[in-house]
Amino acid sequence: MAERPDLRPRAKEVAALVKRIVEEVNKLSLEEQRRLLRERYSWVLERRRQPRGEEERQLPPLPGAEEGKVVTRFAPNPDFVIHLGNARPAILSYMYKEMYRGRMILRFEDTDPRTKTPLPEAYLLIRQDLEWLGVRWDREYVQSLRMETYYELAKRLIEAGGAYVDDRPGEEFRRYRGRLEEYPPRLRSIEENLELWERMLRGDYGEGEAVLRVKTDPKHPDPSVRDWVAFRIIDTVRHPHPVVADRYIVWPTYNFAAAVDDHLMGVTHILRAKEHMQNTVKQQFLYKYFGWEYPHVVHFGRLKLEDFIMSKSLLKSLIERGIGEGLDDPRFATIAGLRRRGITAEAIREVILSVGVKYTDASISFKNLAAINRSIVDEKAKRIMAVFNPVKMIVDGLPKGRLEVEIPYHPNGRLGSRRITVEGPRAELYIDGGDVGRTVKPGAIVRLMEAFNVEVVEAGPYLVKARFHSRELEEARRHSAAIIQWVPARDALAVELVKPEGLDLVRERGLVEAAARQLTTGEIIQFVRIGFARVDALEPDEKGEPRKLVAIYAHS
RNA sequence: GCCGCGGUAGUAUAGCCCGGCCAAGUAUGCGGGCCUUUCAAGCCCGUGACCCGGGUUCAAAUCCCGGCCGCGGCACCA
């Protein structure tokens with residue numbers, strides 16, 4: 001019917017016909033049906049074979065977007081670093097800009113030195129996080145450096161009769177809420193407003209003593225829309241701004257600054273979370289007064305990482321109380337925190353792309369993120385042997401002399417290899433405490449991965465004694481031997497694996513093979529049979545030699 | 001409370017605008033198997049969803065109405 005709309009008026013006839021034929025076909029045997037299908041209707045089979053939904057995932061088109069003319073923006077408040085939730089508008093803005101070969105703007109919205117005091121280092125950290133995410137922008141603005149522009153626009157707005165100075169206490173305004181038309185400040189002349197505005201700028205008013213309000217619909221169903229505040233006074237002597245200190249006391253609110261900037265900067269498409277929906281309504285009043293055209297807006301729901309604290313203020317207070325190691329604590333869902341625990345930018349981009357632009361909130365589990373990350377990291381991560389809660393194993397009966405094995409860093413062989421040597425006839429090495437008593441028990445044949453097989457003689461909690469059994473892998477297979485990782489005692493390096501678990505950091509201590517000395521900070525590796533981890537530090541001793549490898553666990 | 005927006009498997013998403021190629025696709029998770037010098041990866045099989053109720057229609061995940069549930073906003077925050 002979808003293909004032949006011309007048949008629709010005769011749907012009843014068609015339905016009857018279909019029914020008859022289906023009955024007829026059902027009378028045939030399965031073999032008969034197959035044969036007929038192959039001989040007479042092979043095109044049906046052809047079509048079936050085509051996989052569905054295999055096309056590359058793409059973002060839905062942007063409303064009103066023109067190739068080469070799209071301008072998007074990401075406008076963070078530098079009072080904190082960005083987290084996975086903020087990454088959504090950032091990445092989507094960037095992807096759409098790329099999709100339409102447009103431009104992207106990065107704008108720091110730092111117009112509240114009092115309750116959302118900007119963090120001086122955040123300006124840089126946010127840029128770094130964005131760059132790491134692969135987000136590239138074309139122009140950059142800082143709102144606190146654009147105050148003169150806002151003042152000028154405010155004046156124009158007053159001149160257009162779109163705003164008035166309200167020098168009464170806030171309660172007074174609220175009292176008039178139902179009959180705003182009669183609110184005395186609202187009735188002031190343009191001249192009077194201009195004069196009062198000049199006095200605000202001059203510093204005649206203190207905090208809370210005067211605001212500039214935008215004249216909106218006094219009967220708007222949402223009371224917050226009614227004559228919203230465009231400028232207020234902030235005592236910057238007491239609350240200095242990290243960029244402009246106490247140079248200004250009259251500050252635009254978010255709705256004024258953002259609205260004006262979006263137009264001035266030529267933004268054509270605003271991609272933002274749905275908590276801003278009411279703001280669109282408010283800002284449109286300004287656009288009407290100025291005779292501007294409002295950009296296209298795309299709203300989407302929140303993106304949550306399950307079991308992670310996503311709230312900025314909560315994260316902030318945790319850090320202030322000294323819980324956590326800072327903005328990049330691996331327990332936090334900040335971009336820096338995720339990076340530090342081995343989540344790649346590619347994985348984050350993929351999650352955000354897969355979540356797309358829906359109104360509904362999305363809650364991603366870490367397992368899900370990990371699955372995506374694993375597929376990215378798997379082919380690049382060196383396989384390294386490390387043992388935790390190490391137990392010493394003494395192997396006797398080895399062939400005399402040097403036993404040298406060359407082990408590739410990755411089964412695909414593309415990551416190079418390292419050599420590990422063992423000295424016969426008696427070797428000391430360490431195995432993972434978790435294996436002792438399980439697969440490593442008296443009488444068992446165990447293969448030390450990539451090296452040789454041993455027969456366990458004694459398996460105590462602190463010492464395992466074993467006897468060399470054979471070299472060949474086939475021999476291990478014949479005995480269905482467990483294959484375990486191990487570390488030669490001679491030049492083992494201390495390792496600490498930090499596992500973020502909820503709000504805890506569990507530290508597991510162990511030993512890692514000597515090759516770990518060659519790793520670099522930031523590298524993502526896989527501890528064989530344990531999981532993926534990111535090298536956080538190679539701590540040196542007094543002589544500058546690596547003393548300990550610190551890695552943060554990512555996922556299995 | 002008022003205003004706005006949503007509701008497809010455990011999770012995320014496709015399909016909804018424009019009703020019939022949808023007895024609903026994909027990814028991940030989960031269960032099982034194969035393969036493998038890792039408990040990773042890979043391969044195969046299985047699992048499981050249109051919030052509820054009415055209506056329109058030959059035909060509803062898709063359109064309409066009602067309900068329920070969830071989210072967001074209601075600042076001199078952004």
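Atoms considered below: every heavy atom in the structure, side chains included; atoms not considered: hydrogens, waters and symmetry mates. Reminder, nothing fancy here: chain letters follow the sequence lines and each chain counts from 1.
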Inset, instruction - Compare the minimum distances between each of B:rU38, B:rC71, B:rU8 and the side chain of A:K358, then state the nucleotide with the smallest one. - result: B:rU8
Inset, instruction - Please tell me which of the listed nucleotides, B:rC3, B:rU38, B:rA78, lies nearest to the side chain of A:Q278? - result: B:rC3
Legend entry - Options B:rC39, B:rU38, B:rG10, nucleotide nearest the side-chain atoms of A:N368: B:rG10
Inset, instruction - Check every atom of B:rG7, B:rC76, B:rU38 against the side chain of A:T360 and return the nucleotide holding the closest atom. - result: B:rG7
Inset, instruction - Look at all strands and tell whether A:N255 reaches a base, only sugar-phosphate, or nothing, counting heavy atoms closer than 4.0 Å. - result: nothing
Inset, instruction - Let me know the distance between CD of A:E508 and P of B:rC39, rounded to the nearest Å. - result: 18 Å
Legend entry - Residues A:R107 and A:E109 bridged, charged N to O under 4.0 Å: yes
Inset, instruction - Whole angstrom is fine here: how far is it from CD1 in A:I376 over to P in B:rA27? - result: 16 Å
Legend entry - C1' gap between B:rG53 and B:rC30, integer Å: 33 Å
Inset, instruction - Would you sort out whether A:R188 and A:D167 count as a salt bridge (Lys or Arg N to Asp or Glu O under 4.0 Å), showing the intermediate values? - result: CA-CA 11 Å; A:R188 287 199 237 265; A:D167 54 358; 2.7 Å; yes
Inset, instruction - Using whole Å, report how far CZ of A:R302 lies from P of B:rA12. - result: 15 Å
Inset, instruction - From the options B:rU38, B:rA78, B:rC39, select the nucleotide whose nearest atom is closest to the side chain of A:D435. - result: B:rC39
Legend entry - Base-pair map of RNA chain B as dot-bracket, where | denotes pairing with a different strand and pairs are Watson-Crick or G-U under 3.5 Å: (((((((..((((......[....))))((((((.......))))))...(((((..]....))))))))))))....
Legend entry - Separation of the C1' atoms in B:rG46 and B:rC39, to the nearest angstrom: 22 Å
Inset, instruction - Classify the ring geometry between A:Y164 and A:Y183 as parallel (under 30°), tilted (30 to 60°) or perpendicular (over 60°). - result: perpendicular
Legend entry - Short side-chain N/O contact from A:R232 to OP1 or OP2 of B:rA78, under 4.0 Å: yes
Inset, instruction - Could you check which of B:rC74, B:rC76, B:rG6 has an atom nearest any side-chain atom of A:Y359? - result: B:rG6
Inset, instruction - Please state how far atom CZ in A:R226 lies from atom C1' in B:rA75, giving the value in whole angstrom units. - result: 15 Å
Inset, instruction - Tell me which nucleotide among B:rC5, B:rC39, B:rG73 gets nearest to the side chain of A:R529. - result: B:rC39
Inset, instruction - For a ring pair (Phe, Tyr, Trp, His ring centres under 6.0 Å) with A:H241, tell me which candidate from A:W251, A:F108, A:Y248 qualifies. - result: A:W251
Legend entry - Side chain of A:E109 (C-beta onward), nearest among B:rA78, B:rA12, B:rC76: B:rA78
Inset, instruction - Take atom C1' in B:rG42 and the same atom in B:rG67, then report the distance between them in whole Å. - result: 49 Å
Inset, instruction - Taking only the side-chain heavy atoms of A:S354 (C-beta and beyond), determine which of B:rC39, B:rA12, B:rC5 contains the nearest atom. - result: B:rA12
Inset, instruction - Considering only NZ, NE, NH1 and NH2 on the basic side and carboxylate oxygens on the acidic side, decide whether A:R349 and A:E346 come within less than 4.0 Å. - result: no
Legend entry - Side-chain N or O of A:S365 closer than 4.0 Å to phosphate OP1/OP2 of B:rU28: no
Legend entry - N or O in side chain of A:R374 less than 4.0 angstrom from B:rA41 OP1/OP2: yes
Legend entry - Given B:rG10, B:rU38, B:rG29, the nucleotide with the shortest approach to the side chain of A:R383: B:rU38
Legend entry - Sub-6.0 Å ring centroid separation between A:W228 and A:F285: no
Inset, instruction - Using atom types as modelled and distance alone, determine if a side-chain donor or acceptor of A:H479 lies under 3.5 Å from a backbone N or O of A:A481. - result: no
Inset, instruction - Without swapping roles, check the side chain of A:N279 against the backbone of A:N255 for a donor-acceptor pair under 3.5 Å. - result: no
Legend entry - 5' priority, RNA chain B, between A:V528 and A:K116 [closest heavy atom]: A:V528
Inset, instruction - Give one of base, sugar-phosphate or nothing for A:V211, where a contact means two heavy atoms less than 4.0 Å apart. - result: base
Inset, instruction - Identify whether any heavy atom of A:G301 sits under 4.0 Å from a base atom; if not, whether one sits that close to sugar-phosphate; answer base, sugar-phosphate or nothing. - result: nothing
Inset, instruction - Assess A:R529 against A:F527: is NZ or CZ under 6.0 Å from the centre of the six-membered ring, and within 45 degrees of the ring's axis? - result: no
Legend entry - Length of the CG-P vector between A:L369 and B:rG10, whole Å: 21 Å
Legend entry - Distance, rounded to the nearest Å, where A:H555 contributes NE2 and B:rA41 contributes C1': 12 Å
Inset, instruction - Output yes when A:R73 and A:D262 qualify as a salt bridge under the 4.0 Å nitrogen-oxygen rule, no when they do not. - result: yes
Legend entry - C1'-based separation of B:rA12 from B:rA49 [nearest Å]: 13 Å
Legend entry - Flag, side chain of A:K274 to backbone of A:Y359, donor-acceptor distance under 3.5 Å: yes
Inset, instruction - Calculate the interatomic distance between A:N279 atom CG and B:rA78 atom P; express it in whole Å. - result: 10 Å
Inset, instruction - Would you indicate what A:F532 reaches in the nucleic acid, counting non-hydrogen atoms under 4.0 angstrom: base, sugar-phosphate, or nothing? - result: sugar-phosphate
Inset, instruction - Hey, which sits more toward the 5' end of RNA chain B by its nearest nucleotide, A:A371 or A:A451? - result: A:A371
Inset, instruction - Using the C1' atom as the reference point in each nucleotide, state the distance between B:rG7 and B:rA61 in Å, no decimals. - result: 12 Å
Legend entry - N or O in side chain of A:K367 less than 4.0 angstrom from B:rC30 OP1/OP2: yes
Inset, instruction - Would you classify A:H220 as touching base, sugar-phosphate or nothing, given that sugar-phosphate means primed atoms plus P, OP1 and OP2, and contacts are heavy atoms under 4.0 Å? - result: nothing
Inset, instruction - Take atom P in B:rC52 and the same atom in B:rA60, then report the distance between them in whole Å. - result: 15 Å
Inset, instruction - Specify the separation, in whole Å, of atom CG of A:N373 and atom P of B:rA12. - result: 20 Å
Inset, instruction - Pick the P atom in B:rU62 and in B:rG20, then give their distance to the nearest Å. - result: 11 Å
Inset, instruction - Check if the side chain of A:Q526 and the base of B:rU38 share a donor-acceptor pair of N or O atoms closer than 3.5 Å. - result: yes
Inset, instruction - Mind checking A:T111 for me? I need base, sugar-phosphate or nothing, with any heavy atom below 4.0 Å counting as a touch. - result: sugar-phosphate
Inset, instruction - For nucleotides B:rC34 and B:rA41, find the distance between their C1' atoms and express it as a whole number of Å. - result: 14 Å
Inset, instruction - Have a look at A:G208 and say if it touches a base, only the backbone sugar-phosphate, or nothing, with a 4.0 Å heavy-atom cut-off. - result: base
